[in-house]
Amino acid sequence: MSSRRWRACPECDWVSALPVLKAGESAHCPRCERVLVHRHHAPAQKVLAYALSAFIMLLLTLPFPLMSFSMAGIFQEIVLVDAAQAMFNNDWPILGLLIALTIVILPGIFLLAVLYLYGAVARRKTWPGVRLLARMLSRLKPWLMTDVFLLGVLISIGKLMNMAHVNLGLSFIAFCLYVLFLVRTVSLVDADWLWFALCHEQQPPPQAHTGATAASQGIIGCPVCGLLNEQQNHHCLRCEAHLGFHSNFRLQATWAFLLASVVLYIPANLYPMMTTVTIGGTIYSTILGGVIQLVDTGSYVLAVIIFTASFVVPIAKILVLSYLCLLAARPRPMATKRRMRLYRITEIIGRWSMIDLFVVSITVALMQAGVIMSIYPGAAAAAFAAVVILTMIAAMVFDPRLLWASADSTYEPLNEQERQPHYGL
Ligand SMILES: [Zn+2]
Ligand SMILES: [Zn+2]
């Protein structure tokens, strides 16, 4: 048995032995070209520095005003958490909680967990709870939406600029740095390196060989730490994570989440996203109504961004995932790399649909209970948030290995070199 570490590709299930990597190098799956592992320069020091900076910036962001708004002698100033607070005040506590979780609470937990874990590695100590926290890290990543919120802040400024003076507050710079450092920390946190540093690595099951799928050998790659396990194990030998449900169960669950999101997509578009109450009357604006308003006021760029994020992306995501589910149920050989590209795009773009919800929460926070004008969130905001979350879960639950099942019999590695993961710089 070689001393090299083995991996089953999480997307196509192909088993390969990892080469020894230098800093800056990546190993790609020989079959689907997914990055299996990437080595960073000085990972522990960099992650600790960025995570600590991000956490300090988060603390500096919280107490000071993020932005202010003045119109006809009325002045309103908000701090970051007011965007969530506004939803609580308007009887949408679930939306308030969602916003607080995605921009402050979960990123805060993520950063503290990173500091604790990398601190343990740097000090070469086994501190309690490291496995639990390390398992949590990869699950938290998709739900950290500070970058989406930052775009939401910029769009809100663009929207409100036409009718009032909008100024950025003292904590805006700190918030931008918090977002920047957090995004950098997320990109540098490397589950493969971390698990090796925390718990080393056990040998793969004796029957494992490269150049075939893991399923065909009765083994399975751990979805959290990557270690190869026997298929009959319910939990990973190294990180104790659940080794995952059967692919067919995951396919059914994906359909269920997609169906739920299609149902909720109807009220998300029919009901108002935002209600504006002025002396002249009440205006209800739906998602598309909001886009038309932006076009009318000449804000074409904002109209395109909101239309893409709120209308095109959710529909495209539902259609693409349904198409992939159909392909998985009736597998056909070839064209699988194109399917994988589609799958990866749906995973990446889904979270950006949250922009409109963030714009609504910021606008509501800035303009609540005004004398001249008040803005309230509508029922569509909750339905739309549910659509975004359900489609995100659908993409996570979908098992991309199903797309490759049919390719198994037709795919023959060309030579020994192709059986090994190749380097990428
Ligand atoms: Zn692969
Ligand atoms: Zn594991």
Side-chain angles (χ1 to χ4, degrees), residues 5-19 26-38 117 129-141 189-205 208-217 219-245 247 324 327-328 331 333-345 347 398-414 417-424:
R5 299 183 309 120
W6 292 41
R7 285 291 170 272
C9 173
E11 288 183 3
C12 76
D13 209 31
W14 202 249
V15 176
S16 38
L18 297 177
S26 310
H28 296 246
C29 169
R31 186 156 71 147
C32 74
E33 291 169 11
R34 183 193 195 270
V35 177
L36 293 174
V37 290
H38 176 80
L117 288 166
V130 285
R131 278 168 206 254
L132 179 77
L133 288 174
R135 278 203 305 272
M136 193 182 70
L137 282 192
S138 51
R139 304 230 157 97
L140 279 182
K141 275 184 184 180
V189 166
D190 172 0
D192 183 72
W193 183 89
L194 185 63
W195 278 106
F196 190 78
L198 288 171
C199 311
H200 297 286
E201 181 145 341
Q202 290 90 331
Q203 286 285 336
H209 57 270
T210 56
T213 57
S216 66
Q217 306 172 47
I219 52 178
I220 184 168
C222 170
V224 173
C225 75
L227 183 79
L228 290 189
N229 284 264
E230 299 277 2
Q231 225 166 27
Q232 68 257 29
N233 294 356
H234 290 291
H235 291 91
C236 172
L237 287 177
R238 177 163 66 163
C239 72
E240 294 162 13
H242 188 266
L243 285 175
F245 294 99
S247 298
L324 292 177
L327 287 178
M334 306 309 290
T336 314
K337 280 183 187 168
R338 209 178 322 137
R339 295 179 202 168
M340 293 314 296
R341 228 169 284 141
L342 274 178
Y343 166 73
R344 284 172 202 159
I345 291 169
E347 264 210 315
F398 180 72
D399 188 350
R401 287 173 293 193
L402 282 172
L403 297 173
W404 289 88
S406 62
D408 231 22
S409 53
T410 56
Y411 181 86
E412 285 293 331
L414 297 173
Q417 199 182 7
E418 205 189 334
R419 287 167 186 260
Q420 308 293 348
H422 58 266
Y423 291 90

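Atoms within a ligand are numbered from 1 in the order they appear, just like the ligands themselves. Values in this document were obtained by computation on a predicted structure and should not be read as measured data.
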Please list, one pair per line, the donor and acceptor atoms closer than 3.5 Å that link side chains of residues 223-231 to other protein atoms, with sequence neighbours excluded.
residue, atom, partner, partner atom, Å
N229, OD1, L237, N, 2.9
N229, ND2, L227, O, 3.1
E230, OE1, Q207, NE2, 3.0

**OP:** Apply the test ring-ring contact (aromatic ring centres under 6.0 Å, His included) to residues H234 and H242: give CA-CA distance (whole Å), side-chain angles for both, the deciding distance (0.1 Å), then the verdict.
**Re:** CA-CA 6 Å; H234 290 291; H242 188 266; 7.1 Å; no

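Heavy atoms only, all atoms of each residue included: W195 and A134 are closest at CZ2-CB, 3.4 Å. Nearest approach of I220 to L243, heavy atoms of both residues: CD1-O, 3.3 Å.
Partners of H209 by side-chain contact (heavy atoms from CB on, under 4.5 Å), not counting sequence neighbours, listed by chain and number: A212, Q217.
A salt bridge is absent between D13 and R31; no separation between the charged side-chain nitrogens and carboxylate oxygens falls under 4.0 Å. Salt bridge status for R238 with E201: present, with a side-chain N to carboxylate O gap under 4.0 Å.
Excluding waters, the protein N/O/S atoms found under 2.8 Å from the Zn ion (ligand 1) are C9 SG, C12 SG, C29 SG, C32 SG. For a distance threshold of 2.8 Å, the protein N, O or S atoms nearer than that to the Zn ion (ligand 2), listed by chain and number, are C222 SG, C225 SG, C236 SG, C239 SG.
Atom-to-atom distance recorded for I219:CD1 and N233:CG is 11.5 Å, nearest 0.5 angstrom. With values rounded to the nearest 0.5 angstrom, L137 atom CG is found 11.5 Å from R135 atom CZ.
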